[in-house]
Novice: 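First the structure, then my questions, so here it is.
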Amino acid sequence: MRLTLIFSLLLLSPNLIAQDQGPIPLNFFNIRTAPLSLIDLYAGSCYKLGIEFKVKSKTSMTFEGGRYFKKFNGLSNITGQNIDIGIMHYIDHHIQNYGHYFSLNYFYKEQSFDYADTIIGTPNYYKTYRTQKFVTCLNLNFGWCQLTADRIFFDLYAGLG
């Protein structure tokens, strides 16, 4: 009798439908990554990892950081890092981390690499230069975030900065 009562209560428990694709979960903390930065053909490949955490019901803060790989696309000895700090405000569904949003981001990039040049003449002149880039900007983005069945967020955005 006692087992029947326990199983009946378990069946009524909302924990049994935890895998259901019902209501959208409210996440207070997310881990972020940018896999397309691994194949950046213009600025150099880098890995990025970050976090997003809730500040208010529809507002969250993001912090991302990354480092560049040593060799990429003909450029050698690449060093550097980038940092992206932002605040996101979701405008759909009254739920954080889902739907359309606006964000304001501060981005900083520091990058150095070697570049070689040849001047044809008698004799040929070959010179290697060390190039450095420092980028600081403020971006205003509009984006859309969607939750997949595997509890992975897919985030598309575009912006000005």
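Predicted model, so just to flag it, every value in this text is computed and none were measured.
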Novice: Would you please classify the geometry between the Phe142 ring and the Phe102 ring as parallel, tilted or perpendicular, with 30° and 60° separating the classes?
Specialist: tilted
Novice: Working to the nearest 0.5 Å, report the span between OH of Tyr129 and CG of Asp114.
Specialist: 12.5 Å
Novice: Check ring-ring contact (aromatic ring centres under 6.0 Å, His included) between Tyr47 and all other residues, then give those that pass, not counting sequence neighbours.
Specialist: Phe69
Novice: Check Ser45 against Leu38 and note the closest heavy-atom contact, atom names and distance.
Specialist: OG-O, 2.6 Å
Novice: Rounded to the nearest 0.5 Å, what separates atom NZ in Lys58 from atom CD1 in Ile91?
Specialist: 8.0 Å
Novice: How are the rings of His100 and Trp144 set relative to one another: parallel (under 30°), tilted (30 to 60°) or perpendicular (over 60°)?
Specialist: tilted
Novice: Of His89, Glu52, Lys54, which is the lone residue that meets side chain to side chain donor-acceptor pair (under 3.5 Å) with Ser60?
Specialist: Glu52
Novice: Rounded at 0.5 Å granularity, tell me how far SG in Cys145 sits from CG in Leu156.
Specialist: 9.0 Å
Novice: Please table the atom pairs, donor to acceptor, closer than 3.5 Å between any side-chain atom in residues 132-139 and protein atoms at least two apart or in another chain.
Specialist:
{"unit_1": "Gln132", "atom_1": "NE2", "unit_2": "Ser112", "atom_2": "OG", "d": "3.4"}

Novice: Check for me, please, whether Met61 and Phe107 land in the same ILVMFWY cluster - side-chain distances under 4.5 Å, paths through other members count.
Specialist: no
Novice: Do NZ/NE/NH1/NH2 and the carboxylate oxygens of Asp155 and Arg32 come within less than 4.0 Å?
Specialist: yes
Novice: Val55 and Tyr106: same hydrophobic cluster, using ILVMFWY side-chain contacts below 4.5 Å?
Specialist: yes
Novice: I'd like to know if the side chain of Thr59 and the backbone of Lys56 have a donor-acceptor N/O pair within less than 3.5 Å.
Specialist: no
Novice: Which value, rounded to the nearest 0.5 Å, describes the distance between Tyr126 atom OH and Ile119 atom CD1?
Specialist: 12.5 Å
Novice: I want to check something: taking the side chain as every heavy atom from C-beta on, are Cys46 and Asn82 in contact at a cut-off of under 4.5 Å?
Specialist: yes
Novice: Looking at Thr33 and Lys48, would you say the former's side chain and the latter's main chain have a donor-acceptor pair under 3.5 Å?
Specialist: yes
Novice: Output the distance between atom CD (Gln111) and atom CD (Gln81), rounded to the nearest 0.5 Å.
Specialist: 10.0 Å
Novice: Shortest non-hydrogen contact from Glu110 to Tyr68?
Specialist: O-CE1, 4.2 Å
Novice: Output the distance between atom CD1 (Ile83) and atom CG (Asn105), rounded to the nearest 0.5 Å.
Specialist: 13.0 Å
Novice: Check the hydrophobic clustering (I, L, V, M, F, W, Y; side-chain heavy atoms under 4.5 Å; chains of links allowed) and say if Ile85 and Ile31 are grouped together.
Specialist: yes
